[in-house]
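By convention in this document, chain letters (A, B, ...) are assigned in the order of the sequence lines, proteins followed by strands, and residues within each chain are numbered from 1. Atoms considered below: every heavy atom in the structure, side chains included; atoms not considered: hydrogens, waters and symmetry mates.
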Amino acid sequence: MKIATYNVNGLNARLPSLLRWLQEEAPDVACLQEMKMIDEKFPSLAIMNAGYNAIWHGQKSWNGVAILAKNNLELNEVGRGLPGDPEDLQSRFIEARVNDLLVGCLYLPNGNPAPGPKFDYKLAWLERLITKAKSLVELETPVVLLGDYNVVPTDLDVYKPERLTYDAVFLPETKEAYRRLLDQGWTDALRTLNPDIKIYTFWDYFRNSYGRDAGIRLDHLLLNPVLAKRLQTCGVDRHVRGWEKPSDHAPTWITIED
DNA sequence: ATGACTTACCCGGTAAGA
């Protein structure tokens, strides 16, 4: 089974690329972030015609997450919205059961500029995620928490670490909170299978970043111990970043033993 | 540290992304 995450940066603008990618790479499960559209605008017909069922949690202009699963799989929503703050109306989390697999799709706040209220919101959101994740990590059910974490975990995850010194994705508080999340027992799939190499999932639109391979790793798939035992392979569909009108993120995926 | 692109909004300048 192939499980992917893809920050589309606007699903309206990205629908042709998404459909092409689904056709060519055929993930069994695809989690989307930054759809930037209200629920009523979700292209459910095109997704269905591509062979996928879907659940989605949209919002006007910003954010928005969805879980797609091939139509031979059972897809049932478990919940939407991250618990812990009833005032938080941003659409950044959706959770589903795909057959026996529990899937949490997330779009963590970027947090820039830091310091400031946006960074405070990011750190608070991370703490809420840590609380949520604690209830999932030790389940006997396989669980994957995946999406755009807006966290660059280490120097190995950025083309030039000094360029991120003041960036919310790389500040010590951000990395420390992410480390506490991993320490619950989650496996960072891409880093575990590739302990020593630079891997990027995002290339800025500015300054020909993709052409220079000036990337960073922001999109992660975290597996609980039950699922980590079944991890087989992983990859980043970097070539998708080179298509016409690309998202600034590339699809990132794992395969697991059935 | 910012913003050389890109998107969405409401209709061309602003806000947001990372």
Side-chain angles (χ1 to χ4, degrees), chain A residues 5-21 31-43 56-66 88-93 105-126 129 146-175 177-178 198-220 236 238 240-252:
Chain A
T5 178
Y6 182 18
N7 179 323
V8 294
N9 186 20
L11 183 49
N12 196 42
R14 216 67 60 213
L15 187 59
S17 293
L18 174 66
L19 295 175
R20 178 179 170 190
W21 171 71
C31 292
L32 310 182
Q33 302 88 32
E34 277 208 273
M35 302 187 302
K36 300 184 176 180
M37 58 171 51
I38 58 173
D39 283 337
E40 291 75 12
K41 296 267 186 172
F42 186 84
W56 58 92
H57 182 29
Q59 179 183 335
K60 188 178 177 184
S61 301
W62 315 118
N63 308 319
V65 285
D88 182 6
L89 299 178
Q90 299 190 28
S91 298
R92 295 180 176 275
F93 188 80
C105 168
L106 64 100
Y107 173 47
L108 210 139
N110 170 273
N112 282 308
K118 291 190 174 181
F119 189 56
D120 295 341
Y121 174 63
K122 176 181 195 151
L123 294 179
W125 208 95
L126 259 165
L129 180 62
L146 73 170
D148 177 0
Y149 279 74
N150 268 313
V151 176
V152 173
T154 72
D155 286 3
L156 199 52
D157 301 308
V158 49
Y159 69 107
K160 192 187 265 193
E162 54 268 34
R163 296 307 298 263
L164 291 182
T165 304
Y166 305 96
D167 197 299
V169 300
F170 200 59
L171 284 172
E173 299 98 307
T174 302
K175 290 187 277 194
Y178 181 75
K198 297 229 169 195
I199 306 168
Y200 308 138
T201 67
F202 168 93
W203 296 261
D204 208 307
Y205 289 125
F206 295 128
R207 296 180 286 259
N208 187 32
S209 294
Y210 181 64
R212 297 185 295 119
D213 197 26
I216 59 180
R217 190 168 76 101
L218 292 178
D219 302 273
H220 308 304
V236 179
R238 302 174 48 110
V240 174
R241 180 64 179 81
W243 287 353
E244 285 290 306
K245 278 175 68 77
S247 168
D248 38 11
H249 294 251
T252 304

- A/W125/A/L106 under side-chain contact (heavy atoms from CB on, under 4.5 Å): CA gap, chis, key distance, verdict: CA-CA 11 Å; A/W125 208 95; A/L106 64 100; 4.0 Å; yes
- Expected output: side-chain A/K122 to main-chain A/N110 donor-acceptor under 3.5 Å: yes
- Query: Taking atom C1' in both B/dG12 and B/dT6, what distance in whole Å separates the two?
  - Reply: 16 Å
- How far, in whole Å, is B/dA4 from B/dG13 if one measures between their P atoms? 16 Å
- Task: Give the rounded distance in Å between these two atoms: CD of A/Q90 and P of B/dA16.
- Result: 11 Å
- A/K41 NZ: over 12 foreign heavy atoms closer than 6.0 Å: no
- Rounded to the nearest angstrom, tell me the gap between atom CZ in A/F170 and atom C1' in B/dA1. 16 Å
- Message: What verdict does the side-chain hydrogen bond (donor to acceptor under 3.5 Å, both in side chains) test give for A/D204 and A/Y210, after you've listed the backbone C-alpha separation in whole Å, the side-chain angles of each residue and the deciding distance to 0.1 Å?
- Response: CA-CA 7 Å; A/D204 208 307; A/Y210 181 64; over 6 Å; no
- Task: Over all heavy atoms of both residues, which pair between A/N112 and A/A168 is shortest? Give the atoms and the distance, please.
- Result: OD1-N, 3.0 Å
- What's the CG-C1' distance between A/N63 and B/dC9, to the nearest Å? 15 Å
- Query: When all nucleic acid strands are considered with a 4.0 Å heavy-atom cut-off, which category describes A/Y107: base, sugar-phosphate, or nothing?
  - Reply: sugar-phosphate
- Query: Less than 4.5 Å apart, any side-chain heavy atom of A/T165 and any of A/F170?
  - Reply: no
- Message: With the threshold set at under 4.0 Å for non-hydrogen atoms, list the residues of residues 204-217 of chain A touching DNA chain B in residue-number order.
- Response: A/D204, A/Y205, A/F206, A/R207, A/I216
- Take the protein atom CZ of A/F202 and the nucleotide atom C1' of B/dA16, then report the distance between them rounded to whole Å. 12 Å
- Listed partners of A/Y205 passing side chain to side chain donor-acceptor pair (under 3.5 Å), at least two apart: A/N9
- Mind calculating the distance between NE2 (A/H249) and P (B/dC5) to the nearest angstrom? 19 Å
- Which residue lies toward the 5' end of DNA chain B, A/N12 or A/V169, if each is placed at its nearest nucleotide? A/N12
- Task: Give the C-alpha distance, both sets of side-chain angles, the deciding distance and a yes or no for side-chain contact (heavy atoms from CB on, under 4.5 Å) between A/Y178 and A/H220.
- Result: CA-CA 11 Å; A/Y178 181 75; A/H220 308 304; 3.6 Å; yes
- Query: Are any of the side-chain nitrogens in A/D213 or A/R238 under 4.0 Å away from the carboxylate oxygens of its partner?
  - Reply: yes
- Query: Which value, in whole Å, describes the distance between the P atoms of nucleotides B/dA1 and B/dA16?
  - Reply: 22 Å
- Taking the C1' atom of each, how far is B/dC10 from B/dA15, in whole Å? 13 Å
- Contacts to DNA chain B from residues 240-248 of chain A, heavy-atom cutoff under 4.0 Å, which residues? A/K245
- Note on the structure: To the nearest angstrom, the CG-P distance between A/N7 and B/dA16 comes to 17 Å
- Message: Let me spell it out: for each of A/P109 and A/N9, pick the nucleotide of DNA chain B with the closest heavy atom. Which residue's pick is nearer the 5' end?
- Response: A/N9
- Check whether any side-chain nitrogen or oxygen of A/R14 sits under 4.0 Å from OP1 or OP2 of B/dT6, and answer yes or no. no
- So, with a heavy-atom separation below 4.0 Å from DNA chain B, the residues of residues 116-124 of chain A are A/K118
- Message: Under 4.0 Å, heavy atoms only, any strand: does A/R163 hit a base, just the sugar-phosphate, or nothing?
- Response: base
- Summary of protein contacts for nucleotides 10-15 of chain B, nucleotide by nucleotide, where a base hit scores B, a sugar-phosphate-only hit scores S (4.0 Å, heavy atoms): S----B
- Message: Using a 4.0 Å heavy-atom cut-off, does A/N110 contact any base of the nucleic acid, only the sugar-phosphate backbone, or nothing at all?
- Response: base
- Item | Atom-to-atom span, CZ of A/R92 to C1' of B/dA16 - whole angstrom | 11 Å
- Task: With sequence neighbours excluded, tell me which residues meet side chain to side chain donor-acceptor pair (under 3.5 Å) with A/Y149.
- Result: none
- Could you tell me whether A/D148 contacts a base, only the sugar-phosphate backbone, or nothing, with contacts defined as non-hydrogen atoms closer than 4.0 Å? sugar-phosphate
- A/S17 versus A/E244: any side-chain heavy-atom pair under 4.5 Å? no
- Query: Taking CG from A/N112 and P from B/dA1, how many angstroms apart are they, rounded to a whole number?
  - Reply: 13 Å
- Going by atom types only, do A/D219 and A/T252 share a side-chain donor-acceptor pair under 3.5 Å? no
- For the residue pair A/E34 and A/N63, establish whether any side-chain heavy-atom pair is separated by less than 4.5 Å. no
- Would you say A/W203 and A/D248 make side-chain contact, with heavy atoms under 4.5 Å? no
- Task: Using a 4.5 Å cut-off on heavy atoms from C-beta on, say whether the side chain of A/L218 contacts that of A/V151.
- Result: no
